[in-house]
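The structure presented is a predicted model; accordingly, all values stated were derived computationally and were not measured.
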Amino acid sequence: AVEKREATRTYLAILEGELEEKLNLETHLGNDPDSEVFVKQRVTAPSRKSKAAQTCFRPLKSRNGFTLALVTMGTGRKHQIRVHAQWSGFPIVGDKLYGSDEKLYLKFCQTGWTDELARVLPLQRQALHAIRFGMHDNVFLAPLPSDMEGFCLYQMGKKYRTSDAPNRTFQEYGFHNGSGCNYFGIFCNVFLYVYSNATFPTCKRPYSFGSSYSIYPTSGGIDASCR
């Protein structure tokens, strides 16, 4: 199904910078001959070796210099989302290879995670997560990892004392089921665009998002241009 492109993937990414409107990218990708990293890709001119790539970034919420974005692809190329994010000027938070300096990636390969890297990178890994995968009625949903969830709450959210953070729940940050959700609209939009329009004929339970928040699938759908 994957090889035949019958299965679809939907991602969430936290981007550096505040993306104000939907971004549709269609370029060619190929190896980066100027990079010290053999596997690194870049946007390049059409050629026999380059491959067409289509990526759509839909901003769900922008705040404090970052954007939580829904990401869908029309193709599946190596490092496609990360390359297009960097090329568009909105690199993925924590990306060592496709961020401000690829030498951060080389340092990490040599030394692992260090205090020096922690001073430069807000997360230990790139903030990119496949939240939805499947085809037709067989859809798998994966809750947002705790590190990305925490980044949204504490870096893009209200300012609380660090000591308060571990004991606070989503409800304390303004989460409520259904239309009452008011946490900047971030996760309401996630459910609307990601979880909606997916058929769950046999499931009667709410879908868990993180450790303390859940919601039932609702009506609506993903913009056809961003599927």
Just wondering, do Arg63 and Gln155 contact through their side chains at under 4.5 Å, heavy atoms?
-> no
Those residues at least two apart in sequence (or on a different chain) that pass side-chain contact (heavy atoms from CB on, under 4.5 Å) with Pro46 are His28
Heavy-atom nearest pair, Gln86 first then Leu97, reads NE2-O, 4.5 Å
Give a yes or no on whether Val43 and Leu19 share a hydrophobic cluster (residues Ile, Leu, Val, Met, Phe, Trp, Tyr; joining criterion: side-chain heavy atoms under 4.5 Å apart).
yes
Do Trp87 and Leu23 belong together in a cluster built from hydrophobic side chains that touch within less than 4.5 Å? yes
Smallest heavy-atom separation, Leu70 atom then Leu60 atom, equals N-CG, 4.0 Å
Fill in: Side chain Gln80, main chain Arg77, donor-acceptor under 3.5 Å
yes
So CG of Asn24 and CD of Gln54: to nearest 0.5 Å the spacing works out to 9.0 Å
Hey, does Met148 have a side-chain heavy atom less than 4.5 Å from the side chain of Ile14? yes
Heavy atoms of Ser50 and Ala45 approach each other most closely as OG-O, 3.2 Å
Applying side-chain contact (heavy atoms from CB on, under 4.5 Å) to Arg48 and not counting sequence neighbours gives none
Sequence neighbours excluded, the answer for side-chain hydrogen bond (donor to acceptor under 3.5 Å, both in side chains) partners of Lys107 is Glu116
Review point. Do Glu102 and Lys40 come close enough that some side-chain heavy atom pair is under 4.5 Å?
Key: yes
The complete set of salt bridge (Lys or Arg N to Asp or Glu O under 4.0 Å) pairs with one or both residues in residues 86-101, sequence neighbours excluded, reads Arg82-Asp95
Taken to the nearest 0.5 Å, the spacing of Ser88 OG from Leu15 CG works out to 7.0 Å
Between the CZ atom in Phe133 and the OH atom in Tyr11, the distance rounded to the nearest 0.5 Å is 8.5 Å
SG of Cys56 to CD of Glu26, rounded to nearest 0.5 Å, is 12.0 Å
Fill in: Student check: side-chain heavy atoms of Val39 and His79 closer than 4.5 Å
yes
Residue set satisfying side-chain hydrogen bond (donor to acceptor under 3.5 Å, both in side chains) with Gln124, at least two apart, ordered chain then number -> none
Exercise. Taking 4.0 angstrom as the limit, do Arg58 and Glu21 come out as a salt bridge?
Worked result: no
Grouping I, L, V, M, F, W and Y whenever their side-chain heavy atoms are under 4.5 Å apart, do Phe90 and Leu121 come out in a common cluster?
no
Residue set satisfying side-chain hydrogen bond (donor to acceptor under 3.5 Å, both in side chains) with Thr27, at least two apart, ordered chain then number -> His84
Distance col, row Ile92:CD1 vs Arg125:CZ, nearest 0.5 angstrom, shows 10.0 Å
Validation row: Ile131, Leu141 side chains within 4.5 angstrom (heavy atoms) = no
Query raised in the report: Do Lys51 and Thr75 have side chains that get closer than 4.5 Å, going by heavy atoms?
Result: no
side-chain contact (heavy atoms from CB on, under 4.5 Å) filter on Lys78, not counting sequence neighbours, yields Gln41
Nearest heavy-atom approach of Ala142 to Ala130 is CB-O, 3.6 Å
Hits for ring-ring contact (aromatic ring centres under 6.0 Å, His included) against Phe66, two or more places apart or cross-chain, chain-then-number order -> Phe151
Item to complete: Flag the pair Pro59 / Glu20 as yes when at least one side-chain heavy-atom distance between them is below 4.5 Å, and no otherwise.
Response: no
ring-ring contact (aromatic ring centres under 6.0 Å, His included) filter on His129, not counting sequence neighbours, yields none
* Heavy-atom side-chain contact between Phe57 and Ile81 under 4.5 Å -> yes
side-chain hydrogen bond (donor to acceptor under 3.5 Å, both in side chains) filter on Asp34, not counting sequence neighbours, yields Arg42
Here the ring pair (Phe, Tyr, Trp, His ring centres under 6.0 Å) pairs for residues 99-119, sequence neighbours left out, are none
Hits for side-chain contact (heavy atoms from CB on, under 4.5 Å) against Glu18, two or more places apart or cross-chain, chain-then-number order -> Ser62, Thr67
Heavy-atom closest pair (Leu29 atom, Thr44 atom, distance to 0.1 Å) is C-CG2, 3.7 Å
Rounded to the nearest 0.5 Å, the CZ atom of Arg132 sits from the CG atom of Leu12 at a distance of 12.0 Å
Point to revise | Co-membership, hydrophobic cluster, residues Leu104 and Leu123, 4.5 Å side-chain | key: no
